[in-house]
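Structure record follows, encoded as structure tokens.
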There are 2 protein chains.
Amino acid sequence: MSNSKLYKGSLTTIILKLLNENDKMYGYEITQKVKELTKGELKITEGALYPALHKLEAEGLLDVEVAKVDNRLRKYYKLTETGTKETVNKLEELAEYIKTMQALVNPKLA
Amino acid sequence: MSNSKLYKGSLTTIILKLLNENDKMYGYEITQKVKELTKGELKITEGALYPALHKLEAEGLLDVEVAKVDNRLRKYYKLTETGTKETVNKLEELAEYIKTMQALVNPKLA
DNA sequence: AATATATACATAATTTTCTTATGTATAAGA
DNA sequence: TCTTATACATAAGAAAATTATGTATATATT
């Protein structure tokens, strides 16, 4: 991502969550979806995204399927069974993190 | 931090926020305060904390004052004027980030 | 027809920000 | 006496980004 306030470590969670909702997506689609959902707040850069996808695939959390659309390459990624389980963990971690940060930063509301 | 689910980039915000509330604190005190406020969820390691403090000082966001208590060294840090302004920015960024992540991860509630 | 923008992938160099390991030193508790 | 707590620090390495490139096709603009 560029310009944005993204904390390192959350990209994986974002990818997994999107794939959990959308069954299969390709890289470019993910960048566009994030831009759309965050109203331009978050821009995922290719330099971050593609290595992240490759890593998740290598770890067995994602499966790939190559397709050719309009004479252009697309790599569709989808969650494996392990990936689906890991998505649950990552989302719990994120919720936990947000709670913890709010306790630190806004102790009155905790 | 160790063991924890902390996303990289939030340590600076935590330090600034604590100093904003407590006027002046020393490093070890910060580690203990974070542990206390997060009920042990977050443990700031010295390897992360001290370099972060030095960096904030070098950037002019913190001032240091060395003291000797019980024959042991303490370095009290406090926000400079610039540091106070930057604290506001960092807290806004964090709030924004949390909002953005919730929009991504829990679009129904957004 | 030429050029810019969008689509779609990828990697390399560098930077930021941690973790882990190590080191020094004093005080207090078992 | 030995461990734990207090209090600082840095170095090596890893993780995860950013920034800069590179390739290639399709579409929109001038």
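Reminder, nothing fancy here: chain letters follow the sequence lines and each chain counts from 1.
For the contact set between residues 22-37 of chain A and DNA chain C, defined by any heavy atom under 4.0 Å, the members are Tyr26(A), Gly27(A), Tyr28(A).
For dT16(C), the base has no donor-acceptor partner in the side chain of Lys8(B) [N/O atoms by modelled type, under 3.5 angstrom].
For the pair Leu56(B) CG and dT16(C) P, the computed distance is 14 Å after rounding to whole Å. Between Lys68(B) atom NZ and dT26(C) atom C1' the separation is 10 Å, expressed in whole Å. Per the geometry, CZ belonging to Arg72(B) stands 5 Å off C1' belonging to dT26(C), to the nearest Å. One atom, CD1 of Ile44(A), and another, P of dA8(C), lie 16 Å apart when rounded to the nearest Å. What separates NZ of Lys43(A) from P of dT7(C) is a distance of 14 Å, to the nearest Å. For the pair Glu46(A) CD and dT23(D) P, the interatomic distance rounds to 15 Å; values are reported in whole Å. Taking atom CG of Leu53(A) as the reference point, atom P of dA8(C) lies 14 Å away to the nearest angstrom. Residue Lys75(A) contributes atom NZ, which lies 17 Å from atom C1' of dT25(D) at whole-angstrom precision.
Between Asn71(A) and dA26(D) there is a side-chain N or O to OP1 or OP2 distance below 4.0 Å. Side-chain N/O atoms of His54(A) include none lying less than 4.0 angstrom from OP1 or OP2 on dC9(C). At dC8(D), one or more side-chain N or O atoms of Tyr50(B) fall inside 4.0 Å of OP1 or OP2 (strictly under the cut-off).
Shown here are the side chain to side chain contact (heavy atoms under 4.5 Å, CB included) partners of Thr31(A), two or more places apart in sequence or in another chain: Tyr28(A), Ile44(A), Leu49(A).
Membership of the apolar cluster around Leu73(A) extends to Val66(A), as traced through chained side-chain contacts below 4.5 Å between ILVMFWY residues.
Both Ala52(A) and Leu73(B) lie near DNA chain D, and the one whose nearest nucleotide falls closer to the 5' end is Leu73(B). Both Leu49(B) and Tyr76(A) sit near DNA chain C, but only Tyr76(A) has its closest nucleotide nearer the 5' end.
A salt bridge is absent between Glu29(B) and Lys33(B); no separation between the charged side-chain nitrogens and carboxylate oxygens falls under 4.0 Å.
Across all strands shown, Arg74(A) has heavy atoms under 4.0 Å from sugar-phosphate atoms exclusively, and none from any base. Among the heavy atoms of the strands lying under 4.0 Å from Lys55(B) are primed sugar atoms or P, OP1, OP2 only; no base atom is included.
Under a cutoff of 6.0 Å and an axis angle of 45°, Lys24(B) and Tyr76(B) form a cation-pi pair.
In terms of modelled atom types and a separation under 3.5 Å, the side chain of Asn20(A) and the main chain of Leu16(A) share no donor-acceptor contact.
With values rounded to the nearest 0.5 angstrom, Glu86(B) atom CD is found 9.0 Å from Leu56(B) atom CG.
When hydrophobic clusters are built by joining Ile, Leu, Val, Met, Phe, Trp and Tyr residues whose side-chain heavy atoms come closer than 4.5 Å, directly or via intermediates, Val64(A) is grouped together with Leu11(A).
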